[in-house]
Each structure stands twice: as C-alpha cells, then as structure tokens.
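Structure record follows, encoded as structure tokens.
Atoms within a ligand are numbered from 1 in the order they appear, just like the ligands themselves.
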Amino acid sequence: MTATAPREEQLWSRCAGCASLLYRKRLRRNLDVCPECGKHARLGAPERLRQLVDPGSLCLLPDLLPEVDPIDFVDVLPYPHRLTAARAGTGLPEAVVCGTATIGGHPAALAVMDFRFLGGSLGCAVGEMITRTAERALDDRIPLILVTASGGARMQEGALSLMQMATVSQAIAALREAGLLTVSVLTDPTYGGVAASFATNTDLVLAESGARMGFAGPRVIRQVTGRALPEGFQTADFLLRHGQVDMVVQRRSLRGRLAALLAAAAPGGRPARPPVPRQEPASYRERLTGGGPVVDATRGAPVDGSPQPAGRDAWDTVRIARHPGRPTTLDYLDSVFDGFVELHGDRLGGDCPAVVGGVARLADRHVMVIGHQKGHTTAELVARNFGMASPAGHRKALRLMRLAARLGLPVVTLVDTPGADPGVSAEEHGQAAAIAENILALTVLPTPVLAVITGEGGSGGALALAVADRVLMLQHAVYSVISPEGCAAILWPDRPAAPQAARALRLTAPELCRLGVVDEIVPEPATAAHDDPAETAQRLRAALLTNLLPLLDVPPAILVRQRRQRFRRFGAARAGTRAGAR
Ligand SMILES: [Zn+2]
C-alpha cells in the first residue's frame, strides 16, 4: 500500500446499483445519479437543498436546541451518545434542515430530512422543526415542500415521537385550510410514521426515481407473511401504478417540476409575471375566435350561419363522436393548453388510465384539466380501457377537483366516455358511490367549473365530470342517459334498433342545447373534428376562454348558487310541463 491509497479511494466511489467504479467529481456533477445505470444515490440534506433551490436564495430557519433525552432511553448505548455521534458524523444538529428559498423564482418553505442522521428518524425536535417550517409557510402565505428520507418515528423518544405524526399533520391541515400548496418529495427510503403522515398527506406527492416508500418495511412484511415480495415492491414505479404518488421524477428534473407546480399554485393560479391585460369582451371574441364561427349561447346555433350539416341523422353523429381519429383529451392538452403537468393516482390503491388530469395553462392562466382518455389505435384504447373510468378514476378526478378548489384554480373537464367501467372489479370498489361523490363534490365546488363534451358523453360516467357552471359540447359530440345500443336492447328487444334509439334519445348537441342541458355548441370544422384537429383545437380554445373568463370574476358563493340553480331548473321544467298538462 502506498501513502496515496486513501486519497485515491476518496476520489472514487462504487455505485450501489451496478457496482461501477465512478469518479466522485463526475458523479457529483451528475447530481449523484450513476451515469451507467441511473441509480439515484442518497443525498444529505445540505446537498439536496443545494440542488433544489435557486442559488443564494436559501435562508435557514433557526435550529432548535432539543431536549436531549426526554424519556431517559437506554439500549446498548445511551441515546445521548447516539445523538452526539450523529451530530459529529453529519455536522447537523438534527435529522432535518429547514428554511425558506425560491425555486424557479417562486418562494417556498422547505424541510429536508437527512437519512444519515439516525436514519432520518422523526423525534420531537424533528417534528417541531417541520411544524415551525409549516407555520412559517402559513405566516408568509407560501407553499411548503417536504423532502422525506426516514425509517420512521424515533424509538428512543417513545410515544412522544409518535405524537409528532399528529403535530406535523395538524400544521399541514392549517396550510390546506388556507389554500396553500403542500408538496412532499419522497426520497429513498421513506417508511413508517413519516410515510403514514406528512410524506403522504400533502396536496401532491412526488417520488424521486427509485425511491421506496411504505408503512411497513419489506423485511417485516416478509416475516409476517412468509412470502417473497414482488419485484420492485414499494419502489416509485410501484407506487405510481398503485395510485400512491402523483408522479415519479428523475433527480435532474425535480427542480423544474417543483417550479412548475409552484407556478400553478401562485396566487390566483397565475404566473409570477404580471397578468395579461384584460380586454373588452367584444374584442375578446374577435381576437380569440380568429374569424371562426361564434355560437349564440342562448340558441346554440352558429350565429354566422355556418352550416349545420342539413339533416344529419343522430346515428351518424353517434358514429362521428366515436370516430377513432377524433382528438382525445391528451391531444387537446397538447394543442389547446400549455405546460401540462399530469397528476396521477387516487391515493387509495389505483391510477385509472381512462382518466387523465393535472395542471396546465390556458392563455397564461393556470387551470386544472381533467378528462377521459380514449386513444386512436386498438392498443391505446385497450390500455385506456376505452375511456371507461374505474372508481379509482373517479376518485382521482375528485382529488384533483378538490385540490383545484383549495388552490383557487378553475376546473376544465373534457368528457369523452362510453360510460363508467361496467366491470366486476368496478362494482367491488364502489363505482356507484364514486360517481355519486363526484356529482356531489362538483355541485358545491367553490371554483369555476367548465365542462366540454368532446366526444361521447355516456351516462353517469360523463356526468361525474360534467356538473359545471357552463357545459359546452362539440358540434358532433353526443350526450346521453344510455348508449343507443343499450337503450335499443331494452326497449326494442326483437330487432337491432340502435339508430332509432339514437334518434329517440335526443342526444345531439342542438337538441341538448334546446333542452338546456348544454349551454353552447363549439362548431367543428369541415365534416368533423377528426378532419382538422388543429382547427378544432383553435375553436375549442376560443370557446373555453370566452366562457371561462367571465366566471373568474364571480365570487365562489355566487358561482355555487348559480350552478345549483342551473341544475335545479331541469326538475322545475318537468314539473311545469306536467302541471300544464293537467
Ligand atoms: Zn450504477
């Protein structure tokens, strides 16, 4: 051994993923992500903060001098000795570093846990520091970001550490009540009491690529069940598939992703830069429609007399509404909106592929967009369950609607579903109640809601996204209580009668406008949307803006009252007819 050997070792480190020997400086430049296999090495809190926040913006909160040993705990070593060793080893007073900073120019309060310090365990001092960070966020009216890395509650502080789960959660509840965004970033590993409190009860949960999160650790589960665990159990991708996290983010994208989410949650859902000056309503129309046809909201007919294809049969419209080339929600998210950040999962065990949602910009205003997703090819349709939402899909939508209301974001829904998933599993998981809950939640949601029937508006599954202040409908979309086939099978049992049923159901846009179910028709180009998706997108965008902007000025209480009146009138109309007939 030569004298240079130790220094050589410090220059190199071995990847825990692929065992490659890596030059440390190169690894650090790559944010401690292995350039060979992509393994994200664990980061201490100071390095994590350095990677996440804008340079020079970090302002640390004062450290606490914690009570050293609240229950005089002794195992093989007295607890104070372990604390002293952890402090010496990390240079940190405790297992969390807290402060305020900006990310992409947006202010936030941050608490970042450090696994090196007694396994990032949650003791009284850690709980108190995170709580104070949350309270600081509340005082400053800024979002809170928690970066978690923890084995769980700190045993050496007994039940007092268990109580920290409640203490911090309470502070998060206050931020939710105040409409301030809370985000947790799960890093490897996040377990036990931290996982079962502030790591997952925030508005948004991001998982760093490769991070594992769970309540019980894999060793315990193996012992208890006596079974081998599935490949990738509790990893970020597993969590995404099972609806536990909004997204999995590579370390190099984390800062940008957080900046985008903070931008969406900025006051009024608007970007940090000055808002676009408001225009007069008349010039809006001209500017936004770009000379395209404008629809008379009261009658639903194109006011410039652009052709409503004469005598098109309702059954033909059904077929156009189902055309595989028809733009989908993801197509519109690409063409009508900007900067879509998709949010996943119902937090209860599922992420339904038939419903997509997230924050996006519509002409520089942030909105929450939620829609059914079908597809253009058979493979896409199968992967998306033909746009038929499971209970997990409805619960994901519900979660995003409520998040939008808390953050003051308007909700735009794009409805295109043959109906809710009619499968066995859907029934087992409470499909009916999931739809019912969404209808209820939308009825009282204290933020503008704008729904667009873009393709098929199938029954309760459609209404679960369509209790709105304004309901728009693309010209060749359909909206119905039951599919024509379903109706025909029940009422015309002897012969195939779907076309007759389609006519009888009054499911086309002009007829629904007449009935008041729909407020406005968005004209489609040429023969239909699938012939010119770009033009369709432009018209949809214009219609969204024309309808959304006036709603932004209405106080939420009045908005909700008017929305309830809008849906109350259908019962009144029916009763009136009956009274008149008597
Ligand atoms: Zn590697």
Side-chain angles (χ1 to χ4, degrees), residues 1-2 4-53 55 86 89-92 95 97 103 112-121 145-152 184-192 194-195 199 205-214 216-222 228-242 244-259 344:
M1 278 286 141
T2 67
T4 60
R7 208 193 282 166
E8 290 275 316
E9 271 167 30
Q10 285 165 13
L11 290 174
W12 298 86
S13 72
R14 197 171 287 284
C15 171
C18 66
S20 296
L21 204 53
L22 303 164
Y23 188 49
R24 279 201 66 84
K25 275 190 181 164
R26 182 175 171 223
L27 189 59
R28 188 43 53 105
R29 271 200 309 275
N30 206 35
L31 307 177
D32 284 75
V33 176
C34 173
E36 304 297 327
C37 73
K39 167 88 178 173
H40 287 49
R42 289 175 186 168
L43 294 180
E47 174 59 20
R48 173 70 68 178
L49 278 163
R50 199 187 64 73
Q51 290 187 9
L52 281 187
V53 307
T90 59
L92 300 175
V97 178
I103 298 177
V112 178
M113 303 185 83
D114 196 314
F115 194 76
R116 297 171 304 162
F117 195 109
L118 296 179
S121 54
I145 296 172
L146 304 173
V147 182
T148 62
S150 176
S184 88
V185 179
L186 306 177
T187 75
D188 194 61
T190 296
Y191 277 95
V194 170
V205 182
L206 280 55
E208 188 172 59
S209 187
R212 291 163 303 157
M213 185 279 284
R219 194 156 48 92
V220 171
I221 299 174
R222 259 194 304 267
L229 298 174
E231 179 73 19
F233 184 64
Q234 294 180 325
T235 59
D237 291 325
F238 170 96
L239 298 170
L240 183 70
R241 268 198 316 281
H242 291 279
Q244 313 287 304
V245 299
D246 285 287
M247 63 188 86
V248 178
V249 189
Q250 298 275 327
R251 187 170 289 166
R252 66 169 175 275
S253 308
L254 197 49
R255 185 170 159 202
R257 200 43 75 85
L258 285 171
H344 288 273

Kindly list each side-chain donor-acceptor pair under 3.5 angstrom involving residues 42-53, sequence neighbours excluded, with atom names and distances?
residue	atom	partner	partner atom	Å
Arg42	NH2	Asp188	OD2	3.4
Glu47	OE1	Arg28	NH1	3.3
Glu47	OE1	Arg50	NE	3.0
Glu47	OE2	Arg50	NH2	2.9
Glu47	OE2	Gln51	NE2	3.2
Arg48	NH1	Glu208	OE2	2.8
Arg48	NH2	Glu208	OE1	2.9
Arg48	NH2	Glu208	OE2	3.4

Show the atom names and distances, to 0.1 Å, of all donor-acceptor pairs under 3.5 Å that link a side chain in residues 33-41 to residues at least two apart or in another chain.
residue	atom	partner	partner atom	Å
His40	ND1	Gly38	O	2.9
His40	NE2	Arg251	N	3.0

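With hydrogens and angles disregarded, no donor-acceptor distance shorter than 3.5 Å links the side chain of Ser209 to the backbone of Gln250. With hydrogens and angles disregarded, no donor-acceptor distance shorter than 3.5 Å links the side chain of Ser150 to the backbone of Val194.
Of all the heavy atoms in Thr190 and Thr187, the pair that sits closest is OG1-O, 2.9 Å.
For the Zn ion (ligand 1), protein N, O or S atoms closer than 2.8 Å were enumerated as Cys15 SG, Cys18 SG, Cys34 SG, Cys37 SG, with waters left out.
Applying the side chain to side chain contact (heavy atoms under 4.5 Å, CB included) criterion to Ala86, with sequence neighbours excluded, gives Phe117, Leu118.
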